[in-house]
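Letters A, B, ... mirror the listed sequences (proteins, then strands); counts begin at 1. Here the structure is a predicted model, which is why all the values come from computation and not from measurement.
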Amino acid sequence: MKLAIALTLCVTTSVAMADCYQRSNIKITQQKINTVPTDIRTLVTPDVNGQKCVARYRLHIGDAWTTVEGTAVARTETEACGQALDVKRGVALGEVAPATVGADQQLVCSDLPDIRVRPVRRGELIWESEADLHSHLLERKQPYFVWKQAKCRKFIERTSQDQNLIIYQGVMCQSTTAKNSKWLVLDKY
Amino acid sequence: MSVCDRMAVLNCDRFDQAQDCKASHFWTNKTGQIVKLAATILVAVLLVGCATSHRSSQALTYAQLDALRYTNADCPKLDQNIQFIETQLRLKGLLNVDPTKLDEPDRVYNATARILIWNLRIGCHNPTRFSNK
């Protein structure tokens with residue numbers, strides 16, 4: 001009985017903590033994409049035709065980071081996830097308050113920690129899309145550069161203080177050579 | 001022998017004044033040491049103060065810093081150039097600071113210096129990317 005209560009509490013807590021998105025029908029390829037998929041998280045499940053991979057990742061589209069989801073089924077996990085990461089298959093996930101979702105709309109909820117742009121500190125390890133792309137034209141054309149054999153990019157952070165808009169800049173580098181590794185904030189100024 | 005020391009010796013000539021004399025000599029020596037110590041501390045404080053003041057006045061002004069321009073030609077002296085800008089930050093007390101805790105002039109100075117440093121680092125390691133801000 002105690003176990004049942006504990007499990008119910010755990011489930012209730014996890015449901016309450018889940019972040020929900022409205023799955024849109026916006027085709028990603030019709031938007032101006034500034035980056036390749038980053039901060040990738042995948043969920044692989046067995047399927048009658050092999051493996052089904054649901055990939056959730058972040059793309060910088062237009063002027064903002066967007067959470068995108070792609071799904072694919074293939075014989076192997078690698079193939080399925082490779083296809084799921086094809087941006088042509090991706091649909092944008094729009095953040096919504098659950099009350100605004102209509103009967104004909106799909107609501108996608110997940111316990112995965114939500115990734116969004118936020119203030120960062122020097123020395124912090126972050127997801128790439130937690131820091132905005134630099135707005136300088138050159139940085140938009142070539143966002144990445146090499147510094148001490150690491151893949152790095154500049155970022156920008158907008159904040160308000162005393163009714164004043166303050167724009168910080170900074171440099172962050174991928175912490176390891178692994179494709180989906182987190183980024184280390186080297187400097188912020 | 002100082003005047004004070006000579007006086008102490010003279011006072012010690014008389015036996016009946018020996019005890020007072022010893023005490024007096026002790027205090028004379030002690031006072032001398034304290035005076036010397038105080039003088040040393042004063043000189044040290046003045047020297048540090050002068051040094052700091054002198055070095056602070058040598059830090060580039062914001063206008064001078066903002067006028068600095070680096071190109072690929074500066075890459076052979078990359079370390080020296082970066083060290084020079086870091087020295088300006090050190091003189092301003094901005095070398096390891098949290099930018100969110102700075103006032104506007106310091107934030108602008110700090111940002112300008114660090115933009116120069118990163119432009120040098122990035123530009124010299126990725127020659128096609130050299131830019132001025």
Side-chain angles (χ1 to χ4, degrees), chain A residues 34-36 60 117-126 128 130-177 183-189, chain B residues 59-62 64-66 68-72 74-76 78-79 81-133:
Chain A
N34 302 312
T35 62
V36 294
H60 198 271
V117 173
R118 64 174 179 87
V120 297
R121 282 174 288 111
R122 195 185 300 164
E124 203 178 349
L125 212 54
I126 62 168
E128 185 189 0
E130 284 181 307
D132 217 344
L133 284 192
H134 201 285
S135 53
H136 195 285
L137 193 63
L138 177 75
E139 303 300 332
R140 283 294 170 94
K141 274 188 195 168
Q142 291 177 274
Y144 302 104
F145 59 87
V146 177
W147 164 244
K148 293 190 175 177
Q149 285 93 47
K151 182 183 178 185
C152 306
R153 76 164 170 85
K154 286 186 184 176
F155 67 87
I156 205 162
E157 187 179 298
R158 293 175 184 84
T159 187
S160 65
Q161 196 178 311
D162 303 330
Q163 297 174 323
N164 191 15
L165 175 68
I166 297 172
I167 299 174
Y168 295 108
Q169 302 178 51
V171 175
M172 61 189 209
C173 296
Q174 209 158 15
S175 56
T176 70
T177 48
W183 292 64
L184 181 67
V185 179
L186 286 191
D187 204 358
K188 178 176 161 179
Y189 40 87
Chain B
L60 292 182
T61 63
Y62 168 69
Q64 289 170 324
L65 187 75
D66 194 43
L68 291 178
R69 293 288 179 271
Y70 292 105
T71 65
N72 283 328
D74 298 300
C75 291
L78 174 66
D79 290 341
N81 286 320
I82 288 176
Q83 217 166 43
F84 173 73
I85 305 165
E86 281 180 343
T87 302
Q88 307 314 306
L89 286 173
R90 192 177 296 113
L91 293 172
K92 283 271 186 181
L94 298 171
L95 195 57
N96 285 304
V97 289
D98 178 353
T100 62
K101 294 193 167 61
L102 297 177
D103 59 16
E104 180 73 10
D106 279 349
R107 189 165 52 238
V108 173
Y109 193 98
N110 180 51
T112 306
R114 287 176 195 279
I115 287 169
L116 285 170
I117 290 172
W118 280 107
N119 275 350
L120 272 166
R121 284 176 177 161
I122 298 167
C124 290
H125 285 82
N126 307 260
T128 57
R129 288 184 52 112
F130 224 110
S131 71
N132 276 313
K133 294 178 193 176

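Side-chain contact between A/F145 and B/H125 is absent, with no heavy atoms from C-beta onward closer than 4.5 Å. Looking only at side-chain heavy atoms (C-beta outward), B/R121 and A/V171 stay at 4.5 Å or farther from each other.
Put simply, CH2 on A/W147 and CG on B/N126 are 10.0 Å apart, with the number rounded to the nearest 0.5 Å. Considering CD of A/E157 and OG1 of B/T100, their distance stands at 9.0 Å, rounded to 0.5 Å.
Shortest non-hydrogen contact noted between A/K154 and B/I122 is CE-CD1, 3.5 Å. Nearest heavy atoms, A/K188 versus B/P99: O-CG, 3.4 Å.
Shown here is B/Q64, whose CD atom has more than 12 heavy atoms of other residues, nucleotides or ligands within 6.0 Å. Residue-environment remark: CD (A/Q142) exceeds the threshold of 12 foreign heavy atoms within 6.0 Å. Around CZ of A/R121, the count of heavy atoms belonging to other residues, nucleotides or ligands within 6.0 Å does not exceed 12.
For A/Q169, the side-chain contact (heavy atoms from CB on, under 4.5 Å) partners at least two apart in sequence or on another chain are A/H134, A/Y189, B/I115.
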Show me the side-chain donor-acceptor pairs of residues 101-110 of chain B shorter than 3.5 Å, one per line, residues at least two apart or across chains.
{"unit_1": "B/K101", "atom_1": "NZ", "unit_2": "B/D98", "atom_2": "OD2", "d": "3.1"}
{"unit_1": "B/D103", "atom_1": "OD1", "unit_2": "B/D106", "atom_2": "N", "d": "3.2"}
{"unit_1": "B/E104", "atom_1": "OE1", "unit_2": "B/R107", "atom_2": "NH2", "d": "2.5"}
{"unit_1": "B/R107", "atom_1": "NH1", "unit_2": "B/L102", "atom_2": "O", "d": "3.1"}
{"unit_1": "B/Y109", "atom_1": "OH", "unit_2": "B/L60", "atom_2": "O", "d": "2.6"}
{"unit_1": "B/N110", "atom_1": "OD1", "unit_2": "B/R114", "atom_2": "NE", "d": "2.6"}

